[in-house]
2 protein chains.
Amino acid sequence: MQSRTPAARPGRPRSATADAAILAATREALVELGWSKLTLQDVATRAGVAKTTLYRRWAGKNELVVDAVAELFDELRLPDAGSLAADIEGVVLQFAALLDRPECRSGLMAVVAESTRDEPLRERIRASVVERQKRLVVEGRARAQARGELPPESDPEETARTIDLTFDMVAGAVVHRTLVSGKPADGPWIRSFIRVLLLGLSAPA
Amino acid sequence: MQSRTPAARPGRPRSATADAAILAATREALVELGWSKLTLQDVATRAGVAKTTLYRRWAGKNELVVDAVAELFDELRLPDAGSLAADIEGVVLQFAALLDRPECRSGLMAVVAESTRDEPLRERIRASVVERQKRLVVEGRARAQARGELPPESDPEETARTIDLTFDMVAGAVVHRTLVSGKPADGPWIRSFIRVLLLGLSAPA
DNA sequence: AGCTTTCGCTACGACCCGTAGCGTAATGGC
DNA sequence: GCCATTACGCTACGGGTCGTAGCGAAAGCT
């Protein structure tokens with residue numbers, strides 16, 4: 001994602017091993033210390049590299065944590081469970097498991113908070129974390145429409161709005177349940193959530 | 001909320017004026033600096049008090065910011081607009097306006113992130129911010145059931161679960177839309193959100 | 001008055017930040 | 001193989017914040 005110049009430059013290339021060690025050390029420090037007490041000094045020591053190496057690759061703590069957390073979201077997959085409700089349940093279970101990991105809990109919300117006053121950081125989060133999640137919504141929605149479980153749409157703008165709305169409702173509810181209410185997004189909760197999402201609050205129990 | 005001892009202690013009482021000045025200065029610093037660059041040094045100077053006074057009243061930055069932000073949530077009211085959809089729209093509009101204020105954006109998410117590794121802080125947020133919002137859901141739900149817009153429930157445990165779910169879905173969606181997706185929770189968005197919330201995604205357009 | 005608590009002020013050691021400079025290691029171009 | 005170029009480890013630095021301690025003065029309660 002850095003650019004289209006994989007190795008066009010002369011000179012000694014950057015160590016990919018160091019990159020992986022630094023990101024792993026960052027997650028380790030997030031687990032033990034949390035975001036606010038995490039220092040680049042400490043991360044460098046854990047990773048076995050010099051502090052200056054960190055500053056050569058990342059602008060600061062925020063960018064480093066975004067990259068470290070973003071790797072976790074690579075694991076998200078959309079299972080084909082046969083029905084829309086089952087597909088959503090599968091994805092949300094994975095998402096809830098991610099939010100259960102301490103390196104994700106403390107890191108993700110912190111950088112989102114920072115991104116409210118840092119537009120480049122917001123864009124970095126959008127590209128490496130949010131977009132990866134939203135793609136699952138797009139695929140799941142396409143499948144459901146093909147199965148006739150969701151009403152089709154013709155207007156592309158209306159479709160984009162519906163996808164955005166669905167994404168904000170699903171991700172927002174799970175995040176709020178987990179991090180604000182502080183209760184687990186487990187199977188029973190997810191199923192009642194999906195019922196409301198698909199049928200609405202007005203539907204009888 | 002501190003205890004049942006309003007002025008039972010002898011000696012010089014704490015200055016209520018200083019309290020208000022400190023909380024206002026905290027919000028001002030949040031707007032100008034954001035959470036991560038906010039220092040208690042700076043807040044004390046803005047408020048015209050000594051730094052040591054801050055440490056006598058608050059354990060640290062997190063607790064101070066929670067109290068400063070919590071005051072903003074006092075403004076939330078549940079208007080009686082005649083229908084459930086209109087009531088929700090009124091509340092969500094207020095909530096979106098709150099999240100539009102920079103002192104709220106940067107402060108609220110940051111302390112929520114911190115609360116993932118600080119149980120007392122989580123409880124402080126729950127009591128002074130979350131509970132205040134949830135009460136709006138409880139009232140709105142009661143009104144809607146009285147009007148016959150929502151199915152009644154007999155099991156009190158089931159009722160509590162439904163209220164929690166509704167709260168997480170509403171607050172989560174608005175927060176995610178505003179802070180993660182970075183788009184405004186304006187009138188059109190709110191109305192399409194309410195449609196899905198009440199009728200579900202399966203409902204035809 | 002006398003007691004108690006708060007307040008402003010100063011000072012302190014500890015820590016982290018972000019950068020600079022140096023010598024050395026590793027690679028690509030010739 | 002040689003050289004230019006870049007990455008790396010290391011050390012050191014000024015500047016800033018943290019959280020605490022100690023002091024004398026101020027302000028309220030009884």
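Just the heavy atoms: all of them, side chains too, but no hydrogens, waters or symmetry mates, feed the values below. All chains are named by letter (A, B, ...) in the order of the sequence lines, taking the proteins before the strands, and each is independently numbered beginning at 1.
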Per nearest nucleotide of DNA chain C, the residue lying toward the 5' end, Lys61(A) or Ala18(B), is Ala18(B)
Take atom CH2 of Trp58(A) and atom C1' of dC17(C), then tell me their distance rounded to the nearest Å. 18 Å
Nucleotide dA7(D), atom P - distance to CZ of Arg14(A) in whole Å: 5 Å
Is it the case that dG19(D) (base atoms only) and Lys51(B) (side chain only) share a donor and an acceptor within less than 3.5 Å, ignoring hydrogens and angles? yes
Whole-Å gap separating C1' (dG9(D)) and CD (Gln41(A)): 13 Å
Name the one of Thr26(A), Asp67(A), Val65(A), Val43(A) that satisfies side-chain contact (heavy atoms from CB on, under 4.5 Å) with Trp58(A)? Asp67(A)
Ion pair Asp100(A)/Arg105(A), N-O distance below 4.0 Å: yes
Test: Arg141(B) and Glu153(B) ion pair at under 4.0 Å: yes
Proximal nucleotide (of dG8(C), dG19(D), dC7(C)) relative to the Tyr55(B) side chain: dG19(D)
Is it the case that the side chains of Glu149(B) and Ser83(B) hold a donor-acceptor pair, with the cut-off being a distance below 3.5 Å and no angle test? no
Residue-phosphate contact under 4.0 Å: Thr53(A) side-chain N/O, dA7(D) OP1/OP2: no
Of dC7(C), dG9(D), dT4(C), the nucleotide closest to the side chain of Pro10(B) is dT4(C)
Measure the acute angle between the ring planes of Phe95(A) and Phe73(A), then classify it against the limits of 30° and 60° as parallel, tilted or perpendicular. tilted
Rounded to whole angstroms, how far apart are CZ on Arg57(B) and P on dG19(D)? 18 Å
I need the minimum non-hydrogen distance between Ala127(A) and Glu131(A), along with the two atoms involved. O-CB, 3.9 Å
Check this for me: does the side-chain of Arg12(B) come within 3.5 Å of the base of dA26(D) through a donor and an acceptor? yes
Salt-bridge test for Arg46(A) and Glu28(A): reply yes if a basic N is under 4.0 Å from a carboxylate O, no otherwise. yes
Nearest whole Å is fine: how far is dT17(D) C1' from Lys37(A) NZ? 15 Å
Between the base of dC10(D) and the side chain of Thr52(A), is there any donor-acceptor pair under 3.5 Å? yes
From CG of Leu54(A) across to C1' of dC8(D) the rounded distance in Å is 12 Å
Between Asp42(A) (CG) and dC17(C) (C1'), how many Å, whole number? 14 Å
Calculate the interatomic distance between Arg56(B) atom CZ and dT5(C) atom C1'; express it in whole Å. 10 Å
Based on the rotation axes of five pairs at each end, what angle does the helix from dA1(C)-dT30(D) to dC30(C)-dG1(D) bend through, to 10°? 30°
